[in-house]
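Throughout, numbering of the chain's residues begins at 1 and tracks the sequence. Remember, predicted model here, so these are calculated numbers, not experimental data.
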Amino acid sequence: MNWKYIGYFVIAFIVIHIPFIGPFFRIANTLIHESSHAIVSLILQGQVLQIRLFANTEGVTYTMSSSYLASMATSAAGYVGSSLAAYGLALLCSRGKHIATLWLFVILASVNVLLWVRNPFGIIWLVLFIGLLAFALWRKGNWAAALSIGLFAFVLAESVSSSFTILWLSLYTPSGAGDAAGLANKTGLPAGFWGVFFMIQASLLGYLSVRTVLRKKHGRQRRGSSVTTPPL
């Protein structure tokens with residue numbers, strides 16, 4: 001068991017429940033969620049009109065899709081993208097690639113502030129977020145590790161919890177179930193189906209993410225060690 005990561009998870013859990021500070025870090029998952037919509041739209045030859053990030057940790061992405069299937073894939077990309085990002089961050093953190101993690105967030109935030117995000121709060125948050133990342137990259141060491149692991153924990157927690165939220169909404173208020181409602185309109189399948197799908201994939205990738213960073217490493221042999229047979 002990797003107790004260092006458990007300590008970071010506990011700290012992250014406390015931080016996300018602190019007023020003002022908690023929502024600031026939770027928006028990191030919103031950034032990934034909305035950017036996933038945008039990236040998939042571009043991959044499938046669509047257009048990204050704008051992204052909006054809000055203080056209540058919600059967001060919205062306006063795109064123009066090139067086809068019906070592209071529109072479906074773009075709608076599904078948000079929750080799936082967040083879950084995949086959590087797993088990718090788990091792999092980076094487990095290998096100690098904290099600087100790389102922070103640079104990926106810098107690149108993503110920079111692309112958003114330069115090309116996509118246009119509402120005042122979103123721009124201000126991105127500038128502050130980039131400043132925090134730059135500070136951690138400048139200090140390196142424990143600063144970079146703490147922020148990298150913290151961001152992983154925030155994204156993991158939000159990707160899983162938001163999937164259960166969308167599941168609840170899709171079952172009890174399907175018209176207000178966001179991406180699940182949009183996919184229901186596009187496919188004819190009920191919003192509840194998409195809510196279940198989002199929850200299952202988030203839970204599976206969340207489990208894999210936690211296992212990746214908490215598993216204890218075995219079988220490391222000391223470099224240069226050897227076994228010799230004493231002379232008779």
Side-chain angles (χ1 to χ4, degrees), residues 13 16-44 46-86 108 112 116-126 129 153-207:
F13 179 81
I16 62 176
H17 288 86
I18 299 175
F20 302 110
I21 298 177
F24 178 89
F25 286 103
R26 289 166 59 194
I27 295 174
N29 181 66
T30 308
L31 172 67
I32 293 174
H33 180 109
E34 303 304 333
S35 297
S36 297
H37 287 306
I39 291 169
V40 169
S41 178
L42 291 175
I43 290 174
L44 298 178
Q47 297 180 28
V48 181
L49 303 179
Q50 66 169 299
I51 291 176
R52 291 174 175 263
L53 303 174
F54 303 109
N56 63 356
T57 74
E58 294 181 357
V60 61
T61 302
Y62 298 95
T63 63
M64 291 182 64
S65 298
S66 58
S67 67
Y68 172 76
L69 291 177
S71 177
M72 286 179 52
T74 300
S75 296
Y79 287 98
V80 176
S82 293
S83 300
L84 288 173
L108 185 63
N112 271 268
W116 297 335
V117 175
R118 291 296 175 262
N119 65 312
F121 173 82
I123 293 173
I124 292 172
W125 181 85
L126 285 167
F129 186 54
F154 299 140
V155 172
L156 173 64
E158 285 296 297
S159 65
V160 174
S161 64
S162 64
S163 73
F164 280 89
T165 299
I166 200 69
L167 172 62
W168 176 269
L169 291 173
S170 68
L171 294 176
Y172 293 98
T173 56
S175 61
D179 292 339
L183 284 165
N185 292 331
K186 291 179 175 69
T187 63
L189 295 171
F193 170 85
W194 295 106
V196 171
F197 168 73
F198 289 141
M199 182 274 293
I200 290 175
Q201 62 85 31
S203 298
L204 175 60
L205 287 169
Y207 166 75

Taking atom [atom1] of [X] and atom [atom2] of [Y], what is their separation to the nearest 0.5 Å?
X	Y	atom1	atom2	value
Leu171	Ile166	CG	CD1	10.0 Å
Leu167	Ser162	CG	OG	11.5 Å
Asn29	Glu34	CG	CD	9.5 Å
Leu31	Ile51	CG	CD1	7.5 Å
Thr187	Leu69	OG1	CG	11.5 Å

Within a strict 4.5 Å, meaning less than it, do heavy atoms of the [X] and [Y] side chains meet?
X	Y	answer
Asp179	Trp194	no
Leu53	Leu126	yes
Thr61	Trp116	no
Phe193	Ser170	no
Phe197	Leu183	no
Leu49	Met64	yes
Ile27	Phe121	yes

**Request:** Any pair with a residue in residues 64-80 that passes side-chain hydrogen bond (donor to acceptor under 3.5 Å, both in side chains), sequence neighbours left out, goes on the list, sorted by first then second residue, please.
**Result:** Ser75-Lys186
Minimum heavy-atom separation for [X] and [Y], please, with both atom names.
X	Y	answer
Ser83	Ser159	N-CB, 4.2 Å
Thr63	Ser41	CB-OG, 3.7 Å
Ala191	Ala184	N-CB, 3.6 Å
Ala73	Leu44	CB-CD1, 3.6 Å
Phe129	Ala28	CZ-CB, 4.4 Å

Any side-chain to backbone donor/acceptor pair from [X] onto [Y]? Under 3.5 Å, distance only.
X	Y	value
Ser163	Val160	yes
Ser36	Ile32	yes
Thr30	Thr57	yes
Trp125	Ala55	no

**Message:** Take a 6.0 Å sphere around CZ of Phe54 and say whether it holds more than 12 heavy atoms from other residues, nucleotides or ligands.
**Reply:** yes
**Asked** Can you list every salt bridge (charged side-chain N to carboxylate O under 4.0 Å, His left out) pair that touches residues 158-178, not counting sequence neighbours?
**Response** Arg26-Glu158
